[in-house]
Amino acid sequence: MKLYPFNALLARMKYIARWGLMRSSRTESVSEHTADTAILAHTLCLIANKHFAHLHTVPVRPETVAVAALYHDAGEIMTGDLPTPVKYKNEPLLTAFKELERDAAQTLCTLLPPEISGEMHGYLTGECLTPDEQKLLKAADRLSALIKCIDEEQAGSREFLGAKKQQSEALRAMQCPEAEYFMKHMLPCYRWTLDELSAPYAQEYQNMD
């Protein structure tokens, strides 16, 4: 009987910690990050179709992008989470890491039944997405990182202030109207307390930054 360990291996993403060089108030796993990114990607796609459809040749696919987001860091099972300052230190290093990610995706596909590995390859690499969808997924990935920075700031940590500035600037440089919409209308709510979140329409909370 042939066994396929793909899903059991990906379940180990919860043991891979992100932000390896940073002193965090709470450890964030790759598994947690991918779930957050999938939710954000789905939301950005809905925003795209409702508010910015005129900017896209064809409608984006919220469900497809969300699934791709769930797998977008799966290769880190093989590579680990490389700190951003290291990954982006220079172009040759980034190119080498991208090649390593492609090799990791190919290796993971060999751990699946052959009849579904081809379809899964598109999700692992993002090749199943259109360029517009890939951009929205990247924006969601950066938003997840920005939200982590905000959480750390709210917890009283100064460790992530530089990363917060970097992620904010990178998001704006993407010129992604869906991400700008999210940052204007939704991101401020991540600073609210539970009581405030439980009563989002109360007048005293409507004018919060």
Side-chain angles (χ1 to χ4, degrees), residues 18-19 22 24-26 28-73 81 84-85 87-88 126 128-209:
R18 281 170 52 81
W19 308 95
M22 310 286 275
S24 304
S25 64
R26 186 181 69 82
E28 178 186 53
S29 72
V30 171
S31 183
E32 179 182 2
H33 165 68
T34 56
D36 289 343
T37 302
I39 293 170
L40 292 165
H42 188 265
T43 301
L44 291 182
C45 288
L46 294 176
I47 292 170
N49 287 336
K50 294 297 182 182
H51 293 284
F52 303 103
H54 61 287
L55 300 178
H56 302 281
T57 306
V58 296
V60 298
R61 300 164 295 171
E63 292 79 13
T64 300
V65 179
V67 173
L70 287 173
Y71 292 108
H72 83 281
D73 276 345
D81 179 47
T84 297
K87 187 187 301 184
Y88 292 93
C128 65
L129 305 179
T130 67
D132 283 349
E133 291 169 341
Q134 290 175 354
K135 183 175 182 179
L136 289 169
L137 174 49
K138 183 61 178 178
D141 190 24
R142 290 197 177 280
L143 278 171
S144 175
L146 178 58
I147 291 165
K148 169 62 175 174
C149 294
I150 292 172
D151 286 346
E152 289 291 327
E153 185 181 33
Q154 291 289 94
S157 172
R158 299 182 66 255
E159 184 79 4
F160 284 74
L161 294 180
K164 176 189 168 188
K165 182 175 184 291
Q166 180 186 43
Q167 293 298 334
S168 296
E169 291 174 349
L171 275 162
R172 291 194 165 86
M174 290 182 70
Q175 297 184 333
C176 177
E178 295 84 0
E180 292 287 348
Y181 181 100
F182 187 97
M183 293 171 73
K184 179 179 180 181
H185 296 284
M186 299 177 175
L187 189 63
C189 302
Y190 284 83
R191 296 184 179 279
W192 291 10
T193 66
L194 178 58
D195 286 340
E196 291 164 352
L197 289 169
S198 300
Y201 299 107
Q203 184 63 41
E204 58 266 35
Y205 304 139
Q206 284 300 299
N207 298 320
M208 294 183 66
D209 293 332

For a 4.5 angstrom cut-off between non-hydrogen side-chain atoms, does [X] reach [Y]?
X: Val30; Y: Arg18; result: yes
X: Met183; Y: Leu146; result: yes
X: Met186; Y: Thr43; result: yes
X: Leu40; Y: Ile147; result: yes
X: Leu187; Y: Ile150; result: yes
X: Cys176; Y: Leu171; result: no
X: Leu44; Y: Leu143; result: yes

Kindly compute the distance separating [atom1] ([X]) from [atom2] ([Y]), expressed to the nearest 0.5 Å.
X: Thr64; Y: Glu133; atom1: OG1; atom2: CD; result: 6.5 Å
X: Leu46; Y: Glu63; atom1: CG; atom2: CD; result: 7.5 Å
X: Cys128; Y: Arg61; atom1: SG; atom2: CZ; result: 6.5 Å
X: Glu32; Y: Ser144; atom1: CD; atom2: OG; result: 8.0 Å

Can you name the nearest heavy-atom pair linking [X] to [Y], along with the distance?
X: Glu159; Y: Met22; answer: O-CE, 3.2 Å
X: Cys189; Y: Leu197; answer: O-CD2, 3.6 Å
X: Ala69; Y: Ala38; answer: CB-CA, 3.5 Å
X: Ala48; Y: Val60; answer: CB-CG2, 3.9 Å
X: Pro62; Y: Cys45; answer: CA-CB, 3.6 Å
X: Leu55; Y: Asp132; answer: O-OD2, 4.4 Å

Quiz prompt | Charged N-O contact under 4.0 Å between Glu153 and Arg191 | solution =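 Yes, charged N to carboxylate O under 4.0 Å.
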Strictly below 4.0 Å, N to O, side chains only: are Lys148 and Glu152 in salt-bridge contact?
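Here Lys148 pairs with Glu152 in a salt bridge, since their nearest N and O are under 4.0 Å apart.
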Without hydrogens or angle criteria, can the side chains of His33 and Asp141 be said to hold a donor-acceptor pair below 3.5 Å?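 There is such a pair (donor and acceptor under 3.5 Å, judged by atom type) between the side chains of His33 and Asp141.
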Classify the angle between the aromatic ring planes of Tyr190 and Phe182 as parallel (below 30°), tilted (30 to 60°) or perpendicular (above 60°).
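Because their plane-to-plane angle lies in the 30° to 60° range, the rings of Tyr190 and Phe182 count as tilted.
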